[in-house]
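Have a look at the structure below, then the notes.
Side chains are part of it too, since the values below use all heavy atoms of this structure and drop only hydrogens, waters and symmetry mates. None of these values were measured; they are calculated from a predicted model. Each ligand, and each atom within it, is numbered from 1 in the order the structure gives.
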Amino acid sequence: MRKKIVAGNWKMNTTVSEGVALAKAVVEKAGEVGKGVGLIVAPPFTHLVSVAEVLKGSKVALSAQNCADHVKGAYTGEVAVDMLKDAGCSWTILGHSERRQYYGETDEKLVEKVKLALEGGLGVILCVGENLDEREAGRHFDVVKQQVKAVLYNFSAEDMKNIVIAYEPVWAIGTGKTATAAQAEEIHALIRKTLAEKFGAELAEETTILYGGSCKPSNAKELFAEKDIDGGLIGGASLKAEDFIGIALAF
Ligand code: 13P
């Protein structure tokens, strides 16, 4: 049985004190969520140490939203994997569409980041997803398949055990326009097939694939009922503990 996960990407939201309060509220409600569902929160870098303190002893794991593509040194403004580990992270999100779009994150850079994250002992949530033009041109299958191959085909089946994939169609992020369960499922199935072609069917079956893009308590049930959707990467709705936990309760 592959792992079910609901992860909250807080993006560039909340002050440290607001983030600590949000983490406390998530921890308080986390007991309602079944044992089989993993919970992860990904606050901004400045919050990590304080939020780690709140999460201690709870079932909620801590993730960063990004990591540096170097181990250490003269890279002003960057945060290294070692620092994230030491701050209490067990995961990092990588390749979010906002980083690809606004900060020039390339597949080549992502290969380096995934490598460093895994070597440093962090699990990786790798984001993929097509934009609106690509979907309207009917290129969504090709685009997502290429994104998966460009990064993950550089890794081994053993590495894949610490990698989760998040399918986030860019046109559904923060727009209130969720992919239908059927639209999401066909891409999730394609991702799994793409993994199977390189790593074998068994590994592909064991890989957790999350959906992200305007996921909320009211649509999570339908999405999570699909056979290849193993949970969600949640943006806006993860900023309210009740909604975030409400999504995890959809399982
Ligand atoms: P929203 O849930 O706000 O659409 O964001 C999704 C997302 O980008 C999570 O990484």
Side-chain angles (χ1 to χ4, degrees), residues 4-14 18-19 22-23 26 37-45 47-48 51 60-67 84 89 91-103 105 110 113-114 117 122-132 134-135 140 143-144 147-148 151 163-181 183-184 187-188 191 208-224 226 229-251:
K4 296 184 190 330
I5 294 174
V6 174
N9 175 9
W10 296 2
K11 306 191 180 182
M12 198 173 73
N13 292 297
T14 72
E18 287 164 354
L22 175 56
V26 169
V37 182
L39 293 174
I40 300 173
V41 292
F45 287 136
H47 304 29
L48 292 173
V51 170
V60 187
L62 186 63
S63 176
Q65 298 176 12
N66 183 28
C67 73
L84 298 174
C89 289
W91 292 90
T92 183
I93 296 170
L94 287 174
H96 193 282
S97 60
E98 288 148 16
R99 296 224 47 94
R100 294 180 191 253
Q101 194 181 340
Y102 308 137
Y103 302 99
E105 191 117 296
L110 282 169
K113 290 186 177 194
V114 172
L122 291 180
V124 169
I125 302 173
L126 179 74
C127 304
V128 296
E130 82 285 359
N131 64 31
L132 186 60
E134 291 162 342
R135 171 145 300 249
H140 41 297
V143 167
V144 173
Q147 287 173 335
V148 169
V151 178
I163 298 175
V164 164
I165 298 169
Y167 168 57
E168 300 203 307
V170 178
W171 49 271
I173 295 177
T175 58
K177 205 170 151 189
T178 324
T180 64
Q183 280 174 325
I187 299 282
H188 280 235
I191 293 171
T208 298
I209 307 177
L210 310 178
Y211 168 78
S214 300
C215 186
K216 39 189 184 263
S218 58
N219 59 27
K221 208 175 196 120
E222 200 187 340
L223 287 159
F224 297 174
E226 294 292 339
I229 302 182
D230 308 312
L233 181 56
I234 319 301
S238 73
L239 297 172
K240 276 196 187 145
E242 200 176 315
D243 288 351
F244 180 59
I245 296 296
I247 291 169
L249 290 174
F251 277 116

Compute the minimum heavy-atom distance from A172 to ligand 1 and say whether it is under 4.0 Å.
yes
Distance under 4.0 Å to a non-hydrogen atom of G213: what atoms of ligand 1 satisfy this?
4 (O), 6 (C)
Can you confirm whether more than 12 heavy atoms, excluding those of E134, are under 6.0 Å from its CD atom?
yes
Would you indicate whether the side-chain heavy atoms of I187 and Y211 approach each other to under 4.5 Å?
no
Among non-hydrogen protein atoms, atom 2 (O) of ligand 1 lies closest to G235 N, 3.0 Å
Mode of N9 contact toward ligand 1 - side chain, backbone, both, neither (heavy atoms, under 4.0 Å)
side chain
Test item: side-chain donor near acceptor, E130 and W171, under 3.5 Å:
yes
Out of all atoms in ligand 1, which are within 4.0 Å of some heavy atom of E168? Include the element for each.
6 (C), 7 (C), 8 (O), 9 (C), 10 (O)
E168 side chain to H96 side chain, donor-acceptor N/O pair below 3.5 angstrom:
yes
Any side-chain heavy atom of I173 within less than 4.5 Å of one from K11?
yes
Could you tell me, atom by atom, which parts of ligand 1 come under 4.0 Å of a heavy atom of G174?
1 (P), 3 (O), 4 (O)
Does I173, backbone or side chain, put an N or O under 3.5 Å from an N or O of ligand 1?
no
Residue, atom and distance of the protein heavy atom nearest atom 5 (O) of ligand 1 read K11 NZ, 3.3 Å
What do you reckon, does K216 put a non-hydrogen atom under 4.0 Å from ligand 1?
no
Would you say the side-chain atoms of H47 pair up with the backbone N or O of T14, donor to acceptor, closer than 3.5 Å?
yes
Considering distance alone, does some N or O of E98 sit under 3.5 Å from an N or O of ligand 1?
no
Within the supplied structure, the quantity of interest is the number of heavy atoms (other residues, nucleotides, ligands) at a distance under 6.0 Å from E242 CD; does it exceed 12?
no
Do any nitrogen or oxygen atoms of G236 lie less than 3.5 angstrom from nitrogen or oxygen atoms of ligand 1?
yes
Over all heavy atoms of both residues, which pair between G212 and P169 is shortest? Give the atoms and the distance, please.
O-CD, 3.3 Å
